[in-house]
Amino acid sequence: MNPSDGVVSAAPASLRAFAEKIAIDAGLLALEGRRKLGVGQAVVHDTKSSHTDPVTEFDEAAEELLVAAIRQARPNDTIIGEEGADYVGTSGLEWHLDPIDGTANFVYDLPAWCTSVAVVDRDGPIAGAVSAPVAGELFSAELGGGSTLNGAPIHCSAAHDISAALIGTGFSYLAHQRVAQAKRVNRLLPQVRDIRRFGSAALDLCMVACGRLDAYYEEHLNSWDLAAGVLIASESGAKTSNFSGGSATPEATIASAPGVHADLVALINSPGS
Ligand code: IPD
Ligand code: CA
Ligand code: CA
């Protein structure tokens, strides 16, 4: 290991193990805060991109924990966090952090939220971890090393019939973007088994990775929403892309069982959607 790399080496397996550890720690910190309130009691929150886009003291505390750990272990890496972390490093590795993905669920005491931690090099994500503390579930992957849920290998579904596929999606916090998203759902709904909107993009991608969804699509995300989940999905055997079949991007993300990918792309792009 190069000493300038810090105490965690740049090998994907080491980065994955470290990402797992800090994702668990940050998720538990948030969960502890949440549990101090009664069931269903809303967490006090501020708002960001719109009046429906919440942020809590726990988003900020969880990001602080992640950043402090990364700064100590990998001082020369870039860090980009949803709550404002912005360190420019020299190592060529970037950490993309979503301390709580699914903050609206967290505020309402719904269980579908997680901490998402990804390490990205110039070609894309190389290691990632998604910790869902209410369920006690940890998803992770490293490039070429497969995906796991609580240490056991996971695989996407074998779905091949889009009309029987269970599809996840999500919606922007911005009303004008929701108009187009609503039209697309309207178009898809009669053509598939059903649609799910869990409220956490990172978890949606992990749901595809372990076969709980056959596919997921969303647009207008940020890098911290999808970097870990896209790697976990693709390492599970899922096909990931944008809406035209190129690489998945925050602007347009699809992850699906390979057998329904082409049909989903066609439906997403079908006239009127
Ligand atoms: C949001 C969730 C949601 C998705 C939104 C994201 P946040 O992230 O992932 O499922 O539909 O686009 O912004 O704000 O809870 O971290
Ligand atoms: Ca998010
Ligand atoms: Ca977030």
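FYI, side chains are in, hydrogens and waters are out, and symmetry mates aren't considered; it's all heavy atoms of this structure. All ligand and atom numbering here is 1-based and tracks the order in the structure.
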- Message: Using a 4.0 Å cutoff against the non-hydrogen atoms of Ile100, which atoms of ligand 1 qualify?
- Response: 16 (O)
- Query: Do any heavy atoms of Tyr173 fall under 4.0 Å from ligand 1?
  - Reply: yes
- Task: Count, excluding waters, the protein N, O or S atoms that are closer to the Ca ion (ligand 3) than 3.0 Å.
- Result: 3
- Message: Quick check: do Ile162 and Ile167 have side-chain heavy atoms less than 4.5 Å from each other?
- Response: yes
- In plain terms, say whether Glu57 and Lys36 are close enough for a salt bridge, that is, a side-chain N and a carboxylate O under 4.0 Å apart. no
- Item | Within one Ile-Leu-Val-Met-Phe-Trp-Tyr cluster: Leu205 and Phe198, side-chain cutoff 4.5 Å | yes
- Task: Could you tell me which atoms of ligand 1, counted from 1 in the order shown, lie closer than 4.0 angstrom to a heavy atom of Gly170?
- Result: 11 (O)
- Task: Give a yes/no on ligand 1: does His220 have at least one heavy atom closer than 4.0 angstrom to it?
- Result: no
- Item | Donor-acceptor pair between Asn242 and Thr249 side chains, under 3.5 angstrom | no
- Message: Hydrophobic clusters here meaning ILVMFWY residues chained together by side-chain heavy-atom distances under 4.5 Å, can you tell me if Leu231 and Tyr216 are in one?
- Response: no
- What atoms of ligand 1 come closer than 4.0 angstrom to any heavy atom of Asp101? 1 (C), 2 (C), 7 (P), 8 (O), 9 (O), 15 (O), 16 (O)
- Measure the distances from the heavy atoms of Asn222 to every atom of ligand 1 and state whether one is below 4.0 angstrom. no
- Below 4.0 angstrom from a heavy atom of Leu221, which ligand 1 atoms are there? Numbered from 1 as shown, please. 12 (O)
- Item | Heteroatom distance test (Ala201, ligand 1): nitrogen or oxygen, under 3.5 angstrom | yes
- Query: Who's the nearest protein heavy-atom neighbour of atom 6 (C) of ligand 1, and how far?
  - Reply: Asp225 OD1, 4.1 Å
- Task: Under 4.0 Å from a heavy atom of Phe171: give me the atoms of ligand 1 that qualify, with their elements.
- Result: 11 (O), 12 (O)
- Message: Need the ligand 1 atom indices (1-based, order shown) with element for anything under 4.0 Å from a heavy-atom of Arg197.
- Response: 3 (C), 4 (C), 10 (O), 11 (O)
- Query: When rounded to the nearest 0.5 angstrom, what is the spacing between CG in Leu226 and CG in Asp204?
  - Reply: 11.5 Å
- Task: Flag this pair as yes if the NZ/CZ of Arg71 is under 6.0 angstrom from the six-membered ring centre of Tyr87 and inside a 45 degree cone about the axis; otherwise no.
- Result: yes
- For atom 12 (O) of ligand 1, the closest protein heavy atom turns out to be Glu218 OE2, 2.9 Å
- Distance to 0.1 Å, residue and atom name: give those for the protein heavy atom nearest to atom 15 (O) of ligand 1. Gly102 N, 2.7 Å
- One finds that the ligand 1 atoms under 4.0 Å from a non-hydrogen atom of Gly199 are 2 (C), 3 (C), 10 (O)
- Query: For Ser172, is the nearest heavy atom under 4.0 Å from an atom of ligand 1?
  - Reply: no
- Taking the six-membered ring where the residue is Trp, are the ring centres of Phe58 and Trp113 under 6.0 Å apart? no
